[in-house]
Amino acid sequence: MHIFDSVQKTKREFIPLQEGKVTLYVCGPTVYDDAHLGHAKSALVFDLLTRVLEANAYDVTYARNITDIDDKIIKKAIEQKKDIKEITDFYTEAFHKEMELIGVKRPSIEPKATQSLQAMYELIQQLIDKGHAYKTPEGDVYFDTASDSEYLSLSHRVQNEDERQERVASSASKHNPADFALWKSVHDDSITFDSPFGAGRPGWHLECSAMIEKHLAYKDKPYAIDIHGGGADLLFPHHENEAAQTRCATNHALANYWMHNGFVNIDGEKMSKSLGNSFFLKDALKEYDGEVLRFYLLSTHYRSNFNFNTQDLMHAKKRLDKLYRLKKRLFGLAQNEEETAFTKELLSALNDDMNISSALALIDEMISHANETLDTAGKHKLLKRETMANLAYIQKVLGFGVKNPYEYFQFGVDETTKESLNTLIEQRNAAKKEKNFELSDKLRDEILAYGVNLMDTPQGTFWEKV
RNA sequence: GGUGCCAUCGCCAAGUGGUAAGGCCGCAGCCUGCAAAGCUGCUAUCCCCAGUUCAAAUCUGGGUGGCACCUCCA
């Protein structure tokens with residue numbers, strides 16, 4: 001298996017720190033608002049990575065954190081006069097629910113910042129003891145970037161003089177403008193946590209380093225974990241700072257491989273609240289089947305930027321429809337999980353830095369070939385058996401085709417409409433039997449007016465939501 | 001301003017030195033009472049210029065055009 005390491009900027013063969021095992025950490029959401037499509041993309045990418053690693057027989061420990069301490073959460077809590085837990089619980093639950101709808105499996109571990117404070121205190125103390133952090137007169141604790149000779153080695157950034165000067169003025173107590181907060185002291189009445197460094201809140205970057213040390217890290221390896229992932233925007237400063245904290249506080253570097261997924265734009269524009277075109281996952285899920293969203297968001301390479309638009313989404317749906325039609329065609333046949341030439345090729349495509357385009361091309365070819373063979377007369381026992389194995393594999397590794405095919409094609413259609421459609425179909429079939437094609441075509445138009453497609457098959461007449 | 005990424009058929013999108021995958025759309029045909037679905041066939045020389053090479057979409061240089069990060073951010 002090869003993955004692109006965004007720090008070394010090259011595809012590297014994946015070799016785990018411990019044979020047969022993989023430790024993966026991905027930066028999860030800050031639970032102060034609903035998840036948007038970007039959160040979905042990131043979760044999907046690393047869900048796929050986990051599935052591919054597992055298909056390679058690795059025992060994967062996947063941790064994705066929940067950031068439940070954050071200034072934005074606290075701000076919202078104060079505004080709405082609620083306890084922060086009320087807010088974080090609400091959005092955490094919503095996040096879980098929405099992830100389930102797009103087929104994202106729960107990570108092995110989901111550490112929360114509120115449950116990792118002790119680990120954060122320990123990390124800060126280690127950094128102070130080793131001379132990599134300092135307290136300011138105001139009571140803040142900062143990481144001393146000048147004390148880390150490898151700082152900026154992750155993002156390959158160079159310190160900019162203009163930028164440096166600008167920021168000195170705004171934070172006089174920092175030794176260096178690039179220094180970042182490990183602990184922010186808070187003196188007013190707002191929400192704070194008591195620490196050995198006084199009342200305040202932890203710095204965002206610290207949470208991840210602490211959680212990794214606490215939940216995942218090898219103690220005797222040159223790296224704490226195998227793979228660290230997240231959105232492309234996190235490389236700097238978030239991951240840079242995480243890496244600095246871990247390497248300075250402990251005896252190991254943070255991660256052996258770094259993976260960053262590309263951004264999601266909406267109709268060519270950056271998603272952001274200031275632009276007002278923010279697209280929440282929950283809104284998309286009202287319109288589209290979660291699996292269609294999964295398929296669409298995963299349909300281009302994870303490192304590319306993704307331009308979300310409904311036209312492309314509908315095209316992606318048509319592609320997924322074909323998989324489901326084949327599934328429908330073989331509905332009821334015995335399941336099996338045999339290895340086939342197809343499953344080997346598919347895994348091989350995914351092992352190449354998750355080349356999803358190649359994988360989808362293989363799937364389309366497999367579908368066409370199966371349909372072609374099934375179109376000819378014969379029992380095709382072997383082909384059916386193999387195709388069932390192929391479909392099962394796609395389901396397991398890619399999470400596509402997991403639903404009942406009949407239900408898939410009925411997304412968003414209410415029971416009353418279903419009954420009406422079935423009645424019309426019965427009437428049309430009766431008319432067809434009498435060769436009253438004028439009537440049957442009229443009935444078909446009525447059926448199509450419901451926004452569905454109609455198809456006559458050897459197994460009967462079926463409708464599909466367009 | 002600094003750093004970095006990208007530019008392949010109408011649209012989406014693989015391919016990183018050996019002569020252009022796949023999907024959507026379109027056209028023709030098979031199937032069908034007619035359709036739909038399914039199947040078959042057809043449709044690009046890879047932003048521009050120069051260079052390296054027996055050979056380049058793929059490497060180098062220049063240009064043009066997009067984009068990202070540098071601030072909370074998946």
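Naming convention: chains lettered A, B, ... in sequence-line order (proteins, then strands); numbering from 1 in each chain.
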Can you find a donor-acceptor pair, distance only, under 3.5 Å between [X] side chain and [N] base?
| X | N | answer |
| --- | --- | --- |
| A:His36 | B:A74 | yes |
| A:Asp441 | B:G33 | yes |
| A:Asp456 | B:A35 | yes |

[N] to [M] separation - [atom1] atoms, rounded to the nearest Å:
| N | M | atom1 | value |
| --- | --- | --- | --- |
| B:A57 | B:A7 | C1' | 11 Å |
| B:U45 | B:U58 | C1' | 13 Å |
| B:A44 | B:A20 | C1' | 8 Å |
| B:C49 | B:A56 | C1' | 15 Å |
| B:U40 | B:G65 | P | 44 Å |
| B:C67 | B:C72 | P | 23 Å |
| B:C27 | B:C59 | C1' | 39 Å |
| B:C6 | B:A14 | C1' | 15 Å |

Exercise. A:His39 and A:Pro29: which non-hydrogen atoms are nearest, and at how many Å?
Worked result: CD2-CB, 4.3 Å
For this session: Locate the shortest heavy-atom distance separating A:Phe236 from A:Ser155; write the atom from each residue and the value.
Result: CD1-OG, 3.5 Å
Using a 4.0 Å heavy-atom cut-off across all strands, classify [X] as base, sugar-phosphate, or nothing.
| X | value |
| --- | --- |
| A:Arg444 | base |
| A:Val264 | base |
| A:Thr457 | nothing |
| A:Ser357 | base |
| A:Leu454 | base |
| A:Ser304 | sugar-phosphate |
| A:Lys41 | nothing |
| A:Glu365 | sugar-phosphate |
| A:His260 | nothing |
| A:Gly231 | sugar-phosphate |

For [X], look at atom [atom1] and say whether over 12 heavy atoms of other residues, nucleotides or ligands are found less than 6.0 Å away.
| X | atom1 | result |
| --- | --- | --- |
| A:Glu446 | CD | yes |
| A:Glu79 | CD | yes |
| A:Lys418 | NZ | yes |

Problem set entry | Between A:Ser185 and A:Asp140: side-chain donor-acceptor atoms closer than 3.5 Å | yes
Exercise. Is there a stack between A:Phe263 and B:A74, judged by ring centres under 5.5 Å and planes under 30°?
Worked result: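 Yes, A:Phe263 stacks on the base of B:A74, since the ring centres sit under 5.5 Å apart and the planes are within 30°.
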Please report the distance, rounded to the nearest Å, between [atom1] in [X] and [atom2] in [N].
| X | N | atom1 | atom2 | result |
| --- | --- | --- | --- | --- |
| A:Asn429 | B:G33 | CG | C1' | 14 Å |
| A:Ile363 | B:G22 | CD1 | C1' | 11 Å |
| A:Leu362 | B:A13 | CG | C1' | 15 Å |
| A:Leu152 | B:C69 | CG | C1' | 13 Å |
| A:Asp312 | B:C12 | CG | C1' | 5 Å |
| A:Ile69 | B:C72 | CD1 | P | 18 Å |

Could you check which nucleotide pairs with [N] in any of the strands shown, counting Watson-Crick or G-U wobble with both distances under 3.5 Å?
| N | value |
| --- | --- |
| B:C69 | B:G2 |
| B:C34 | none |
| B:U64 | B:A7 |
| B:A57 | none |
| B:C46 | none |
| B:G17 | none |

Examine [N]: is either OP1 or OP2 under 4.0 Å from a nitrogen or oxygen in the side chain of [X]? Give yes or no.
| X | N | value |
| --- | --- | --- |
| A:Lys432 | B:C34 | no |
| A:Lys317 | B:C24 | no |
| A:Arg325 | B:G38 | yes |
| A:Ser368 | B:C39 | yes |
| A:Lys270 | B:C69 | yes |
| A:Asn305 | B:C5 | no |
| A:His39 | B:A74 | yes |

For this session: Test the A:Lys72-A:Tyr32 pair against the cation-pi criterion, namely NZ or CZ under 6.0 angstrom from the six-membered ring centroid and within 45° of the ring axis.
Result: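 The answer is yes, since A:Lys72 meets both limits relative to A:Tyr32.
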For this session: Identify, between A:Asn309 and A:Asn453, the residue whose nearest nucleotide on RNA chain B lies closer to the 5' end.
Result: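 The 5'-side residue here is A:Asn309.
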Problem set entry | Residue whose closest nucleotide on RNA chain B lies nearer the 5' end, A:Ser440 versus A:Met455 | A:Ser440
For this session: Taking only Lys NZ, Arg NE, NH1 and NH2, and the carboxylate oxygens of Asp or Glu, determine whether A:Lys282 and A:Glu98 approach each other closer than 4.0 Å.
Result: no
For this session: Test A:Gln245 against every option in A:Asp148, A:Leu206, A:Leu254 by the side chain to side chain contact (heavy atoms under 4.5 Å, CB included) rule and name the one that passes.
Result: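 Answer after filtering A:Asp148, A:Leu206, A:Leu254: A:Leu206.
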